[in-house]
Amino acid sequence: MPGLDRELVKHKLPIKEGYLPVKQARRRMSMDTELKVKEEIERLLKAGFIRPAIYADWLANIVPVLKRKTGAVRICVDYRNLNEASPKDEYPMPMADMLVDGAAHNQMLSFMDGNAGYNQIMMVEEDIHKTAFMCPGHIGAFEYTVMPFGLRNAGATYQRAMNSVFHDIIGHSLEVYIDDVVIKSPEEGNHMTNLRRAFLRMRQHKLKMNPKKCVFGVQAGNFLGFLGDKQITISERDKQESRKLSRKGVKLTITGKISQGAVEIRKEISRKSGK
């Protein structure tokens with residue numbers, strides 16, 4: 001999967017003065033877990049997300065997370081030592097209550113979610129070795145060529161990229177919080193135009209969305225955990241809760257019910273994609 005252009009964004013891993021590289025003590029895992037980890041490593045290698053690590057100075061353990069629906073294992077990396085040594089990126093994140101207000105009072109909405117999220121952003125070449133992690137058994141050690149989940153400033157880097165991609169339409173026809181995007185239209189007739197503008201921008205920057213998590217042409221739905229539709233009024237109490245979630249970096253799921261206009265939108269999307 002091609003990533004976003006390095007000229008637009010790339011993730012760096014500066015280290016605070018006085019911190020030395022850490023190699024974590026190796027952890028044991030069951031044979032069944034080891035086999036599932038190997039399958040996931042092969043998938044990541046094939047996708048170009050990781051590569052074998054050689055002479056690693058930073059070395060972390062993996063934390064296998066079982067997906068209940070499929071039984072597959074997702075690999076998370078214990079980057080606590082690296083995160084402690086990394087200075088915080090103070091890039092201003094969006095205020096969740098303002099995004100919710102921005103999405104309210106619109107006739108039509110479409111929700112999208114970034115495909116593979118952080119993995120669309122490339123790592124700076126000189127910092128790739130710091131992402132090294134070790135696997136159980138004879139699988140070996142690897143390092144990420146793309147920005148992995150679990151790094152301290154990953155959310156800020158992704159938000160910076162989204163603000164650059166959609167800089168002139170944020171607040172007008174689009175709102176975005178990290179990899180959650182909502183296209184909004186005060187008038188239903190303008191929604192196709194707003195969607196087309198957003199899609200063209202995504203194509204220009206090679207930004208991918210997950211079609212399984214996209215909902216097009218809705219009149220009501222949840223955005224950042226709060227109900228949004230053309231009649232909604234967000235209470236002050238809900239705004240305070242939204243601010244707390246924003247400060248903690250909590251991301252909530254998006255749902256919505258299909259409106260009659262969704263059929264026409266999907267037909268247009270299928271036509272444009274050649275399906």
Side-chain angles (χ1 to χ4, degrees), residues 1-5 8-9 39-40 42-44 46-49 65 67-75 99 103 106-122 146-149 154-155 157-159 161-166 169-170 173-185 188 190-225 227-229 251-275:
M1 182 184 71
L4 294 173
D5 192 336
L8 174 70
V9 61
E39 291 178 1
E40 179 66 3
E42 290 174 349
R43 185 189 71 82
L44 293 173
K46 186 177 181 180
F49 290 171
V65 178
K67 295 181 179 180
R68 294 183 179 180
K69 292 184 179 180
T70 63
V73 165
R74 176 185 174 186
I75 292 178
L99 295 184
N106 285 280
Q107 290 292 328
M108 187 163 284
L109 305 165
S110 289
F111 300 100
M112 289 177 279
D113 195 287
N115 186 42
Y118 294 173
N119 296 153
Q120 295 192 58
I121 295 178
M122 308 300 291
V146 297
M147 183 173 70
F149 293 89
T157 297
Y158 201 99
Q159 187 67 46
M162 295 302 98
N163 288 351
S164 297
V165 170
F166 301 115
I169 57 178
I170 290 177
S173 60
L174 179 146
E175 303 291 350
V176 56
Y177 186 84
I178 307 182
D179 61 348
D180 288 333
V181 179
V182 57
I183 311 297
K184 57 182 184 177
S185 302
E188 186 171 335
N190 295 332
H191 198 62
M192 190 72 73
T193 300
N194 293 338
L195 272 174
R196 186 178 292 111
R197 183 184 298 114
F199 284 145
L200 288 174
R201 192 65 57 85
M202 293 175 197
R203 179 178 295 179
Q204 175 186 350
H205 294 283
K206 300 179 180 180
L207 177 64
K208 307 295 183 183
M209 294 291 160
N210 186 346
K212 295 181 180 180
K213 296 183 178 180
C214 294
V215 181
F216 298 103
V218 301
Q219 293 181 332
N222 265 322
F223 181 47
L224 299 180
L227 178 65
D229 63 24
K251 284 179 47 190
L252 303 176
T253 56
I254 295 174
T255 59
K257 64 181 181 181
I258 305 300
S259 71
Q260 294 179 349
V263 176
E264 295 180 9
I265 292 172
R266 284 174 175 161
K267 287 182 179 178
E268 176 71 9
I269 292 168
S270 296
R271 186 177 68 81
K272 291 292 184 181
S273 61
K275 297 181 179 180

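Below, each value reflects all heavy atoms present in this structure, side chains not excepted, and no hydrogens, waters or symmetry copies.
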Visitor: So which heavy atom on Pro148 is nearest to which on Ala154, and how close?
Guide: O-CB, 4.3 Å
Visitor: Can you sort out the partners of Ser173 under side chain to side chain donor-acceptor pair (under 3.5 Å), two or more places apart, ordered by chain and number?
Guide: none
Visitor: Is there a side-chain contact between Leu174 and Val182, using heavy atoms and a 4.5 Å cut-off?
Guide: no
Visitor: Going by side chain to side chain donor-acceptor pair (under 3.5 Å), name the residues that satisfy it together with Arg74, two or more places apart in sequence or in a different chain.
Guide: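 By the side chain to side chain donor-acceptor pair (under 3.5 Å) rule, Arg74 matches no residue at all.
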Visitor: Parallel under 30°, tilted from 30 to 60°, perpendicular over 60°: which one fits the rings of Tyr158 and Tyr118?
Guide: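 Answer is tilted, since the angle falls between 30° and 60°.
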Visitor: Starting at CZ of Arg196, measure out to CZ of Arg201 and round the result to the nearest 0.5 Å.
Guide: 14.5 Å
Visitor: Which residues satisfy the side chain to side chain contact (heavy atoms under 4.5 Å, CB included) test with Met122, sequence neighbours excluded?
Guide: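 By the side chain to side chain contact (heavy atoms under 4.5 Å, CB included) rule, Met122 matches Arg6, Val146.
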Visitor: For residues Met202 and Phe166, determine if any side-chain heavy atom of one lies less than 4.5 Å from a side-chain heavy atom of the other.
Guide: yes
Visitor: Keeping the roles fixed (side chain from Gln120, backbone from Leu207), state whether a donor-acceptor pair exists under 3.5 Å.
Guide: no
Visitor: Distance check, rounded to the nearest 0.5 Å: Leu195 atom CG versus Leu200 atom CG?
Guide: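 Taking CG in Leu195 and CG in Leu200, the distance rounds to 11.0 Å.
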Visitor: Are side-chain heavy atoms of His191 and Ile183 found at a separation under 4.5 Å?
Guide: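 A side-chain contact exists here, since the closest heavy-atom pair is under 4.5 Å.
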Visitor: With Glu40, which residues qualify under side chain to side chain contact (heavy atoms under 4.5 Å, CB included), at least two apart?
Guide: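 For Glu40 the side chain to side chain contact (heavy atoms under 4.5 Å, CB included) partners, ignoring immediate neighbours, are Arg43, Leu44, Ile75.
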Visitor: Does the side chain of Val73 come within less than 4.5 Å of Glu39's, by heavy atoms?
Guide: no
Visitor: For residues Met112 and Cys214, report the shortest heavy-atom separation together with the two atoms involved.
Guide: CG-SG, 3.6 Å
Visitor: So which atom in Glu188 and which in Gln107 form the shortest heavy-atom distance, rounded to 0.1 Å?
Guide: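 Distance-wise, the nearest heavy atoms are N-CB, 3.8 Å.
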Visitor: Roughly how far, to the nearest 0.5 Å, is the CG atom of Asp179 from the NZ atom of Lys213?
Guide: 8.0 Å
Visitor: Between atom CG of Leu4 and atom NZ of Lys206, what is the distance when rounded to the nearest 0.5 Å?
Guide: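 The distance works out to 10.0 Å.
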Visitor: Which heavy-atom pair separates Gly217 from Ser110 by the least distance, and what is that distance?
Guide: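 Shortest heavy-atom separation between Gly217 and Ser110 comes out as N-OG, 3.0 Å.
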Visitor: Taking only residues two or more places apart in sequence, or in another chain, which ones meet Asn163 in a side chain to side chain donor-acceptor pair (under 3.5 Å)?
Guide: Tyr91, Gln159
Visitor: Considering residues at least two apart in sequence or located in another chain, which fulfil the side chain to side chain contact (heavy atoms under 4.5 Å, CB included) criterion with Thr157?
Guide: Val9, His11, Ile121, Met147, Arg160
